[in-house]
Amino acid sequence: MEGNKHASDKKEKLADQIMQNPQVLAALQERLDSVSQTPSSYIETLPKAVKRRINALKQLQEKCAHIEAKFYEEVHDLERKYAALYQPLFEKRKLIVSGTEEPSDAECEWHSGGEEDDKDKLSEDVKKKMTISEAPNTEDAKGIPDFWLTIFRNVDMINISLQEYDEPILKHLQDVKVKFSDPGQPMSFTLEFLFEPNEFFTNAVLTKTYKMKSEPDSADPFSFEGPEIVDCDGCTIDWKKGKNVTVKTIKKKQKHKGRGTVRTITKQVPNESFFNFFSPIKVTGDGDEMDEEMENSLAADFELGHFFRERIVPRAVLYFTGEAIEDEDSVCY
């Protein structure tokens with residue numbers, strides 16, 4: 001034990017001697033500085049001539065961002081062109097779903113390895129998520145019952161806002177379309193929800209338009225990563241009397257200040273519903289700041305609009321069967 005103590009004392013003395021050496025301290029300080037140095041602090045140490053050249057590179061980078069913006073504008077033109085090519089296929093999908101047109105035997109052939117194999121392919125997690133409607137098991141079922149309602153149930157970011165009282169309305173949804181802005185117009189896209197005549201509202205089509213921006217921000221051009229949704233417009237739903245699911249009526253007791261009498265009044269307050277999707281929060285242009293909850297709500301709205309456009313409308317049948325959900329769950333990030 002005494003030998004160990006003696007060795008420990010020698011180490012402490014040696015450490016003290018090293019720490020009193022100016023050259024050792026300078027080397028340690030230099031090492032610490034190099035570890036804690038950030039890229040920006042490194043730039044500050046560069047000669048003025050080098051900083052000048054870096055500014056020239058930034059100018060080039062900004063020009064690259066503007067070229068990239070032009071690239072995305074042309075991509076939008078291509079999307080518009082190919083949307084026209086997809087449209088006849090989507091129109092046929094609508095006719096089959098609604099039962100207006102019966103596909104031929106040849107059109108109904110699908111070599112997938114058998115129905116049992118298809119069931120086995122779906123993971124247990126996906127099976128839990130899938131809620132394919134229990135339509136009557138009869139040969140005379142019309143079209144594909146509850147096609148879009150089932151899709152909305154299966155997609156988590158829609159299902160989260162779906163209420164039980166929304167579902168009877170969505171049973172009347174016949175199609176969802178994406179329309180791109182015309183050439184020469186500001187970049188945007190519109191979602192169209194087509195409904196058959198129903199007892200809830202008189203609109204045949206409900207719309208939601210998403211406005212997009214595809215140009216670098218003059219204040220921060222290097223943050224540009226392609227088109228982004230910057231605002232959206234919904235539409236007015238012409239609800240039939242007593243059918244508006246986006247509001248609810250509550251009763252409240254009110255005391256008269258002078259007479260002291262109490263009366264019961266009724267008032268309408270907002271109600272949770274998928275159909276609030278068509279009454280989005282507006283992005284204010286007068287500099288007013290939104291609170292965190294409003295910002296999160298708007299971000300979720302933009303994300304859902306993009307998901308409808310990029311995934312749900314083009315691949316609707318795969319969200320109906322759950323195959324698209326399985327594909328997304330299996331992606332590794």
Task: Results of salt bridge (Lys or Arg N to Asp or Glu O under 4.0 Å) for Glu101 - residues two or more places apart only - done: Lys92
Task: Nearest-0.5 Å distance that lies between atom CG in Leu298 and atom SG in Cys232 - done: 6.0 Å
Open item on the list: Just to verify, what does Asp238 make a side-chain contact (heavy atoms from CB on, under 4.5 Å) with, not counting sequence neighbours?
Closed with: Thr202, Asn203, Thr236
Open item on the list: With a 6.0 Å cut-off (strictly less than), is the heavy-atom count around NZ of Lys70, excluding the residue itself, greater than 12?
Closed with: no
Open item on the list: Let me confirm one number: the CD-CG distance from Glu91 to Leu95, rounded to the nearest 0.5 Å.
Closed with: 5.0 Å
- [ ] Show your working on side-chain contact (heavy atoms from CB on, under 4.5 Å) between Phe193 and Leu173 and close with a plain yes or no.
- [x] CA-CA 7 Å; Phe193 296 74; Leu173 180 59; 3.9 Å; yes
Open item on the list: Membership question, hydrophobic clusters at under 4.5 Å side-chain separation (ILVMFWY): are Met294 and Val230 in the same one?
Closed with: no
Task: Spacing of NE2 belonging to His306 relative to CD1 belonging to Ile312, to within rounding of 0.5 Å - done: 11.5 Å
Open item on the list: Measuring from atom CZ of Phe302 to atom CE of Met212, what distance do you get when rounded to the nearest 0.5 angstrom?
Closed with: 10.5 Å
TODO: If a pair satisfies salt bridge (Lys or Arg N to Asp or Glu O under 4.0 Å) and one of its residues is in residues 186-200, list it, with sequence neighbours excluded.
DONE: Lys179-Glu192
Task: Within-4.5 Å side-chain heavy-atom neighbours: Lys177 and Val313 - done: no
- [ ] Return yes if some donor-acceptor pair links the side-chain N/O of Glu62 with the main-chain N/O of Gln59 below 3.5 Å, else return no.
- [x] no
Task: Distance in Å, Arg93 CZ paired with Gln87 CD, rounded so as to fall on 0.5 Å steps - done: 9.0 Å
Open item on the list: I'd like to check the salt bridge (Lys or Arg N to Asp or Glu O under 4.0 Å) partners of Asp175; sequence neighbours left out, ordered by chain and number.
Closed with: none
Open item on the list: With a sphere of 6.0 Å drawn around NZ of Lys267, does it hold more than 12 non-hydrogen atoms of other residues, nucleotides or ligands?
Closed with: no
Open item on the list: Same cluster or not: Met157 versus Phe320, using hydrophobic residues (I, L, V, M, F, W, Y) connected whenever any side-chain heavy atoms lie under 4.5 Å apart?
Closed with: yes
- [ ] Give me the other members of the hydrophobic cluster that Phe224 sits in, counting Ile, Leu, Val, Met, Phe, Trp and Tyr linked by side-chain heavy atoms under 4.5 Å, directly or via other members.
- [x] Phe71, Tyr72, Val75
Open item on the list: Please check this pair: side chain of Thr150 against backbone of Asp146, looking for a donor-acceptor N/O pair closer than 3.5 Å.
Closed with: yes
Task: Test ring-ring contact (aromatic ring centres under 6.0 Å, His included) applied to Phe308 and Phe189, Tyr210, Phe152, the passing residue - done: Phe152
TODO: Return yes if some donor-acceptor pair links the side-chain N/O of Trp148 with the main-chain N/O of Gln174 below 3.5 Å, else return no.
DONE: yes
- [ ] Decide yes or no on side-chain contact (heavy atoms from CB on, under 4.5 Å) for Ile325 and Asn154, but give the supporting numbers first.
- [x] CA-CA 8 Å; Ile325 301 166; Asn154 287 344; 3.5 Å; yes
Task: Under the side-chain contact (heavy atoms from CB on, under 4.5 Å) test, residues paired with Asp233 that sit two or more places apart - done: Lys211, Lys282
- [ ] Look only at the side chain of Asn198 and the backbone of Phe201, and say whether a donor-acceptor pair between them is shorter than 3.5 Å.
- [x] yes
Task: With sequence neighbours excluded, residues passing salt bridge (Lys or Arg N to Asp or Glu O under 4.0 Å) with Glu68 - done: none
TODO: Name all residues meeting the side-chain contact (heavy atoms from CB on, under 4.5 Å) criterion together with Pro314; count only those two or more places apart in sequence or in a different chain, and write none if there are none.
DONE: none
- [ ] Of all the heavy-atom pairs spanning Ser297 and Ile281, show the shortest one and how long it is.
- [x] OG-CD1, 3.5 Å
Open item on the list: Using every non-hydrogen atom in the two residues, find where Pro216 and Ala69 come nearest and quote the distance to one decimal.
Closed with: CD-CB, 4.0 Å
Open item on the list: How about CG on Leu57, more than 12 heavy atoms from neighbouring residues, nucleotides or ligands closer than 6.0 Å, or not?
Closed with: yes
Open item on the list: Under a 4.0 Å threshold between the charged nitrogen and the carboxylate oxygen, would Asp301 count as salt-bridged to Lys208?
Closed with: yes
TODO: State which residues pass salt bridge (Lys or Arg N to Asp or Glu O under 4.0 Å) with Lys248; sequence neighbours excluded, sorted by chain then number.
DONE: none
- [ ] Check whether any side-chain heavy atom of Ile158 sits under 4.5 Å from a side-chain heavy atom of Leu304, and report yes or no.
- [x] yes
Open item on the list: Listing request: all ring pair (Phe, Tyr, Trp, His ring centres under 6.0 Å) pairs with a residue in residues 73-106, at least two apart in sequence or in separate chains.
Closed with: His76-Phe180, Tyr86-Phe90
TODO: Under the side-chain contact (heavy atoms from CB on, under 4.5 Å) rule, what do Lys142 and Ser98 come out as? Steps first, then yes or no, please.
DONE: CA-CA 7 Å; Lys142 184 181 178 183; Ser98 65; 5.9 Å; no
Open item on the list: Measuring from atom CD of Glu109 to atom OG of Ser104, what distance do you get when rounded to the nearest 0.5 angstrom?
Closed with: 8.5 Å
Task: Within-4.5 Å side-chain heavy-atom neighbours: Ile54 and Ile43 - done: yes
- [ ] Please name the pair of heavy atoms, one in Pro145 and one in Ala141, separated by the smallest distance, quoted to 0.1 Å.
- [x] CG-CB, 4.5 Å
TODO: Would you please test Met187 and Glu73 for side-chain contact (heavy atoms from CB on, under 4.5 Å) and show each step?
DONE: CA-CA 8 Å; Met187 189 182 292; Glu73 286 178 13; 4.1 Å; yes
Task: Within one Ile-Leu-Val-Met-Phe-Trp-Tyr cluster: Phe307 and Phe147, side-chain cutoff 4.5 Å - done: yes
Side-chain atoms of residues 271-280: list all donor-acceptor pairs with protein atoms under 3.5 Å, sequence neighbours left out, distances to 0.1 Å.
unit_1: Asn271; atom_1: ND2; unit_2: Tyr165; atom_2: OH; d: 3.2
unit_1: Asn271; atom_1: ND2; unit_2: Val245; atom_2: O; d: 3.2
unit_1: Ser273; atom_1: OG; unit_2: Asp166; atom_2: OD1; d: 2.7
unit_1: Ser273; atom_1: OG; unit_2: Phe275; atom_2: N; d: 3.0
unit_1: Asn276; atom_1: ND2; unit_2: Asn271; atom_2: O; d: 3.0
unit_1: Asn276; atom_1: ND2; unit_2: Ser273; atom_2: O; d: 3.4

Task: Single-linkage hydrophobic cluster Ile96~Leu89, side-chain heavy atoms < 4.5 angstrom - done: no
TODO: Using a strict 4.0 Å threshold on nitrogen-to-oxygen distance, state whether Glu323 and Arg315 make a salt bridge.
DONE: no
Task: Heavy-atom closest contact (Ala219 atom, Asp217 atom, distance) - done: N-OD1, 2.8 Å
Task: Side-chain heavy atoms of Glu215 within contact of His66, under 4.5 Å - done: no
TODO: Locate the shortest heavy-atom distance separating Tyr319 from Val155; write the atom from each residue and the value.
DONE: CD2-CG2, 3.7 Å
Open item on the list: Name the residue from Ile237, Leu170, Ile169 that meets the side chain to side chain contact (heavy atoms under 4.5 Å, CB included) definition with Phe200.
Closed with: Ile169
Task: Other ILVMFWY residues reachable from Leu194 by side-chain steps of under 4.5 Å - done: Val205
